[in-house]
A.B. asks: 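Please read through the structure below; I'll follow up with questions.
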Amino acid sequence: MRSRMMRGAMVIVVAAALIGCASSQKTFVFEPDDLDPAYWVSKVDRFVVIADSSLTMDDRYQKEQKLQIERDMLYSMAQTVPDLDYEAGLRAFGGGKCLPKGKTALLSDIETYSTGDFGAGADQLGCANGRSPLYAALDAAGGDFAGESGKLAAIVISDGRHMGSKTVKAAEALANQYGDQLCIYTVLLGDDNRGRKKMEKIAGATGCGSMVLAEDLTSRAAMSAFVAEALLYPDSDGDGVPDHLDECPDTPLGVEVDAVGCPIDSDGDGVPDYLDKCPGTPPGVAVNAEGCPIDSDGDGVPDTHDKCPNTPAGMAVNEHGCPDTDGDGVPDNLDKCPGTPRGVPVDANGCPPAGIMAVGDEWVIRGNVLFDVNKWDLKPEGMAILDRAAEFLVKNTRWHVEIQGHTDSTGAAEWNDTLSRRRAESAMKYLISKGVPVARLTAVGAGSSDPVASNSTREGRAQNRRVDFKPTEK
C-alpha cells in the first residue's frame with residue numbers, strides 16, 4: 001500500500017512538472033484545485049471512476065493523445081478530491097494487451113480514498129487497446145458498490161465511441177439496481193457526435209447525473225465544481241454539517257454541534273455550551289447571555305430563589321436573597337431582634353431563645369436555673385428552662401455545652417466546690433434525659449468564685465446558687 005501511495009504521489013508530482021514545462025505545447029492543461037477537507041463533507045459513501053482504455057483512446061484529439069489527456073485529467077482529479085471518509089476505486093475498460101485479464105479491471109481497489117492510491121491507479125493506464133466494452137465496466141461496478149447502503153457515484157470518462165447497444169442498457173440496469181442511492185456522471189473526451197449522445201444517455205440513466213466536456217474541466221474552478229457536484233457538499237463553517245442542512249451556518253470552528261449544525265446546549269437554557277458559564281441550569285430557569293440564572297437585583301441569589309427581589313445594591317442577604325444585617329439567618333423584615341451578635345442562636349423571630357443571653361460575640365444561659373441552700377435538686381422553673389435548652393441543643397447539633405455549677409459564699413470552700421459540681425451534674429443528667437448526647441456535655445464546679453450578685457444580701461445569694469451554660473461551636 002505504502003509503495004503504491006509513494007509511486008502515485010511521485011507520478012502526480014512528475015506529471016505536474018511536465019505540465020508546467022510543456023504547457024505551451026499542450027492543449028489540455030488541467031489545473032487541480034486544493035479543496036480543504038475541513039470545509040467539505042462527503043456527499044457519497046463510495047464512488048468509482050471508470051476510465052476508457054480502449055483502442056480509440058489511442059487516437060489524437062486536438063493534437064494530443066486521448067489516453068494522455070485522460071491520465072492528466074485523472075491526476076488533476078486525484079489532487080482535487082479531498083481525503084474524506086468515502087471509499088473509492090478506479091476501474092478501466094478495454095481489451096487486448098492493455099487489460100489481459102478481461103474487458104475491465106480495477107486499477108485502484110475499493111478502499112478508503114487517498115490521493116496517492118488514486119494517482120497510482122491512474123499511472124496504470126499505460127496503453128489503449130481493444131474494443132470499448134463500457135457495458136462490462138458498468139456491470140462490474142454493480143459489484144464494486146455491493147454491500148454499501150449509503151450514497152454512490154460513478155464517474156465515466158470516455159470518448160463514447162463504438163459502445164454498442166449494451167452500454168446504455170447496462171447503465172439503466174445499474175440505476176435500477178441501486179435506485180436513489182446512485183448518480184452517474186460522464187466526462188466526454190472528444191467531439192464524436194454519436195459518442196456525445198451515448199454519454200448523455202448514460203448520465204441520464206439515474207436522473208441525478210450530468211455530462212461535462214473534458215475541455216471544460218481544465219481550470220481549477222471547473223475541476224473543483226465538477227468534483228463538488230459529484231462527491232461533496234460545502235461546509236462553510238467546518239462543523240461537519242453541510243451548508244444545506246446547517247441551521248447555524250456561522251458556528252465557530254471547533255465547537256461541537258448537533259445534527260443540524262447548531263452548538264450543543266446540554267442544559268437547554270438557550271446558551272450553547274461553549275458560551276455557557278453556568279452549565280447544568282435547571283429546566284425553565286431564565287438565564288442571561290452567559291447562561292447563568294438572572295439575578296435582577298445583583299445580590300448573588302438568582303431570581304428563581306430570591307424571596308426579596310428588589311434588595312438595594314450592596315446589602316448583605318441570606319440564601320433566600322433577603323437582607324439579613326446581623327447575619328442570624330432571619331431576614332430584616334422578619335427579625336424582631338436586629339443586631340444579634342453573630343453566632344448567637346436565634347428563633348424564627350431572630351431572637352435568642354428564652355433564658356439565653358448574648359455576652360459580646362458569645363451566648364450563655366446564665367442565672368436562670370437556681371437552687372435552694374445546700375441543695376442540688378432541680379426546681380420546676382429550672383426544669384422548664386432546661387427543657388428549652390435541650391430542645392435547642394437537639395436541633396442544633398454543632399453546639400457543645402460546658403455546664404458550670406455555682407454557690408453563694410456561705411459554707412466552707414471545699415463543700416462549695418463539691419456542691420457546685422453536683423448542681424452541674426444534676427443539670428447535665430436532666431439534659432441527657434431529654435435527648436442531648438452526653439458527648440456534647442461537660443459538667444464542672446466553680447464553687448463561689450464567680451458570683452453574679454452580691455453575697456451580702458439574701459436576694460444576691462439566691463441568684464448565685466445557680467448553673468450557667470457556656471456553649472462552644474464544634
Side-chain angles (χ1 to χ4, degrees), residues 43-57 66-67 70 73-74 77 81 86-95 98-99 102-108 110 118 121-122 125 128 130-214 216-217 226-231:
K43 180 188 293 187
V44 300
D45 297 282
R46 185 180 297 173
F47 68 93
V48 174
V49 177
I50 301 175
D52 193 341
S53 177
S54 64
L55 183 60
T56 58
M57 295 297 286
K66 292 179 185 178
L67 188 66
E70 183 176 43
M73 186 194 312
L74 288 171
M77 186 181 298
V81 175
Y86 30 50
E87 294 179 334
L90 176 60
R91 177 173 288 280
F93 63 93
C98 296
L99 292 175
K103 298 176 181 179
T104 182
L106 277 173
L107 305 184
S108 176
I110 305 296
F118 199 86
L125 283 172
R131 293 184 175 275
S132 300
L134 175 56
Y135 69 90
L138 291 170
D139 289 343
D144 297 337
F145 292 135
E148 176 55 61
S149 59
K151 291 292 185 179
L152 309 170
I155 300 174
V156 179
I157 304 171
S158 174
D159 60 7
R161 296 183 63 194
H162 306 309
M163 292 297 176
S165 60
K166 293 182 180 180
T167 303
V168 175
K169 291 180 180 179
E172 292 172 346
L174 187 63
N176 290 334
Q177 181 179 356
Y178 287 100
D180 292 340
Q181 279 186 263
L182 175 67
C183 293
I184 299 178
Y185 302 86
T186 59
V187 180
L188 177 65
L189 209 173
D191 55 4
D192 184 85
N193 190 49
R194 289 184 178 181
R196 182 188 186 110
K197 291 181 179 180
K198 190 77 69 173
M199 294 289 276
E200 288 175 343
K201 288 182 179 180
I202 294 168
T206 56
C208 56
S210 62
M211 189 199 77
V212 64
L213 302 179
D216 291 341
L217 297 182
F226 176 71
V227 168
E229 179 187 1
L231 308 178

A.B. asks: Compute whether any side-chain donor of one residue and acceptor of the other, for R161 and S132, lie under 3.5 angstrom apart.
C.D. replies: no
A.B. asks: State plainly whether the residues D159 and K66 are in salt-bridge range, i.e. N to O under 4.0 Å.
C.D. replies: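 A salt bridge is present here (some side-chain N lies under 4.0 Å from a carboxylate O).
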A.B. asks: Indicate whether any N or O donor in one side chain lies under 3.5 Å from an N or O acceptor in the other, for Y86 and K43.
C.D. replies: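 Side chains of Y86 and K43: no pair found under 3.5 Å.
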A.B. asks: L99 and G94: which non-hydrogen atoms are nearest, and at how many Å?
C.D. replies: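 So the minimum-distance heavy-atom pair works out to CD1-N, 3.2 Å.
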A.B. asks: Using a 3.5 Å distance criterion without hydrogens, assess whether the side chain of R194 forms a donor-acceptor pair with backbone atoms of H162.
C.D. replies: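 Absent.
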A.B. asks: Checking N176 side chain against E172 main chain: does a donor-acceptor pair fall under 3.5 Å?
C.D. replies: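 Flag set: sc N176 to bb E172 pair under 3.5 Å.
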A.B. asks: Looking at R46 and S149, would you say the former's side chain and the latter's main chain have a donor-acceptor pair under 3.5 Å?
C.D. replies: no
A.B. asks: With rounding to the nearest 0.5 angstrom, report the SG to OH distance, C183 to Y178.
C.D. replies: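 Result: 14.5 Å between the selected atoms.
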A.B. asks: Could you go step by step and tell me if L189 and D52 meet the side-chain contact (heavy atoms from CB on, under 4.5 Å) rule?
C.D. replies: CA-CA 10 Å; L189 209 173; D52 193 341; over 6 Å; no
A.B. asks: Using the rule side chain to side chain contact (heavy atoms under 4.5 Å, CB included), only one of I110, V156, V48 pairs with R91; which is it?
C.D. replies: V48
A.B. asks: Who are the salt bridge (charged side-chain N to carboxylate O under 4.0 Å, His left out) partners of K198, not counting sequence neighbours?
C.D. replies: none
A.B. asks: For the atom pair CG (L107) and CG (L90), what is the distance rounded to the nearest 0.5 Å?
C.D. replies: 5.0 Å
A.B. asks: Tell me whether Y135 contacts the main-chain N or O of M163 through its side chain, where contact means a donor paired with an acceptor under 3.5 Å.
C.D. replies: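 No: the side chain of Y135 does not pair with the backbone of M163.
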A.B. asks: For D180, look at atom CG and say whether over 12 heavy atoms of other residues, nucleotides or ligands are found less than 6.0 Å away.
C.D. replies: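 No.
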A.B. asks: Does either side chain, that of E229 or that of S210, offer a donor lying less than 3.5 Å from an acceptor on the other one?
C.D. replies: yes
A.B. asks: How far does CG of D45 sit from CD of E148, to the nearest 0.5 angstrom?
C.D. replies: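 D45 atom CG to E148 atom CD measures 4.5 Å (nearest 0.5 Å).
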A.B. asks: Check I155 against L231 and note the closest heavy-atom contact, atom names and distance.
C.D. replies: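 Shortest heavy-atom contact: CD1-CD2, 4.5 Å.
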A.B. asks: Whether the side chain of S53 engages the backbone of A92 through a donor-acceptor N/O pair (distance < 3.5 Å, no angle test) should be reported.
C.D. replies: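 Not a single qualifying donor-acceptor pair exists.
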A.B. asks: From L134 CG over to I202 CD1, what is the distance, rounded to the nearest 0.5 angstrom?
C.D. replies: 4.5 Å
